[in-house]
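Written out below as structure tokens is the structure these notes cover.
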There are 2 protein chains.
Amino acid sequence: MPQIAKLIGGKWKLIVLQILIFHGTHRFNELRRKIEGITQAMLTNQLRALEEDGLISRKVYAEVPPRVEYSATQKAMDLNEMFEAMHRWWVTYEG
Amino acid sequence: MPQIAKLIGGKWKLIVLQILIFHGTHRFNELRRKIEGITQAMLTNQLRALEEDGLISRKVYAEVPPRVEYSATQKAMDLNEMFEAMHRWWVTYEG
DNA sequence: GTATATAGTATGGTTTTTAATACTATTGTG
DNA sequence: CACAATAGTATTAAAAACCATACTATATAC
């Protein structure tokens, strides 16, 4: 698993994935509000990258104002075990 | 677990940890040979960072030529579940 | 005396990430 | 008409990560 760091690495991807995996579908600005410190450009960026890697899916509604919803794909959902292990570890050592 | 990415992130840390956790203590140049593409400077770097975060320990032997051994600490060892989950996922989707 | 091996440090440069800011389109409301 | 809300894009700049290369010390082998 040499390149897993690319899928998951960086400052924001884990946070985005965690939200979408454990708390379901979110709109762009909902994510923005939940992830403090992230800029709009960065969020767009990370979402695009995650989409390219097949970890999230993007659904655009033809409404005004526009609505775009992001969800975790099955591929991302299957990361939940990893997240849970990570979380247990985190609680033990840094929580 | 917001900052876990810092402990684990980057291009090399996961690889270094995986080697030390699952294959035991290694000397500097043993690691260097196992991790293709890494430079000496980068390896030193990553090892220092991991040491600072308490994930690896460093033992220097007063010999010539010098010998320095790196091992995973218990804290790092406890990441094995995360690694295993990660590995299963990797095999499913990218293997 | 020369070469070799180990585990580094130092320096400079490139590439990638991240950030800040301004800008767009659309339509319903007052 | 002005304004607000959403989900972006574009541009520029700054910071961080990464890489290549050269250099060090030391004892032993030849």
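Order of the sequence lines sets the chain letters (A, B, ...), proteins ahead of strands, with each chain counted from 1.
If you measure from atom NE2 of B/His26 to atom C1' of C/dT6, you get 16 Å, rounded to the nearest angstrom. In this structure, A/Phe28 atom CZ and C/dT26 atom C1' are separated by 17 Å, rounded to whole Å. The distance from atom CG of B/Asn45 to atom P of C/dG12 is 17 Å, rounded to the nearest whole Å. Computed from coordinates, the B/Ile15 CD1 to D/dC18 P distance equals 11 Å when rounded to whole Å. Per the geometry, CZ belonging to A/Arg32 stands 14 Å off C1' belonging to D/dT9, to the nearest Å. Whole-Å rounding puts the B/Trp12 CH2 to C/dT16 P distance at 14 Å. Atom CG in A/Leu43 sits roughly 18 Å away from atom P in C/dT21 (whole-Å rounding). Protein atom CE of A/Met42 is 14 Å distant from nucleotide atom P of C/dT16, rounded to whole Å.
Note on B/Lys11: every side-chain N or O is 4.0 Å or more away from OP1 and OP2 of C/dT16.
Listed nucleotides: D/dT6, C/dA19, D/dC19. Nearest to the side chain of A/Asn29: D/dT6. With D/dA20, D/dG8, C/dA7 as the choices, the nucleotide that has an atom nearest any side-chain atom of A/Tyr70 turns out to be D/dG8. Checked against C/dA19, C/dT9, D/dT9, the side chain of A/Arg48 finds its nearest nucleotide in D/dT9. Of all nucleotides listed (D/dC19, C/dA19, D/dG8), D/dG8 comes nearest to the side chain of A/Gln40.
Considering all non-hydrogen atoms of both residues, B/His23 and B/His26 come closest at O-CE1, 3.3 Å.
Side-chain contact between B/Ile8 and B/Lys13: absent, with no pair of heavy atoms (C-beta onward) separated by less than 4.5 Å. A 4.5 Å side-chain heavy-atom check between B/Leu43 and B/Leu47 finds at least one atom pair inside the cut-off.
In this structure, B/Arg27 reaches the sugar-phosphate backbone alone: every heavy-atom distance under 4.0 Å involves primed, P, OP1 or OP2 atoms, never a base. When heavy atoms are screened at a 4.0 angstrom cut-off, A/Arg67 is found touching the sugar-phosphate backbone but no base atom. As judged by a 4.0 angstrom heavy-atom cut-off over every strand, A/Glu63 is placed among residues making no nucleic acid contact. Contacts of A/Tyr61 with the nucleic acid, taken as non-hydrogen atoms under 4.0 Å apart, are absent.
Ring planes of B/Tyr70 and B/Phe28: tilted class, angle from 30 to 60°.
Projected onto DNA chain D by closest heavy-atom contact, A/Ala41 and A/Pro65 fall at different nucleotides, the more 5' of which corresponds to A/Pro65.
We find that B/Glu69 and B/Arg67 are joined by a salt bridge, their nearest charged nitrogen and carboxylate oxygen being less than 4.0 Å apart.
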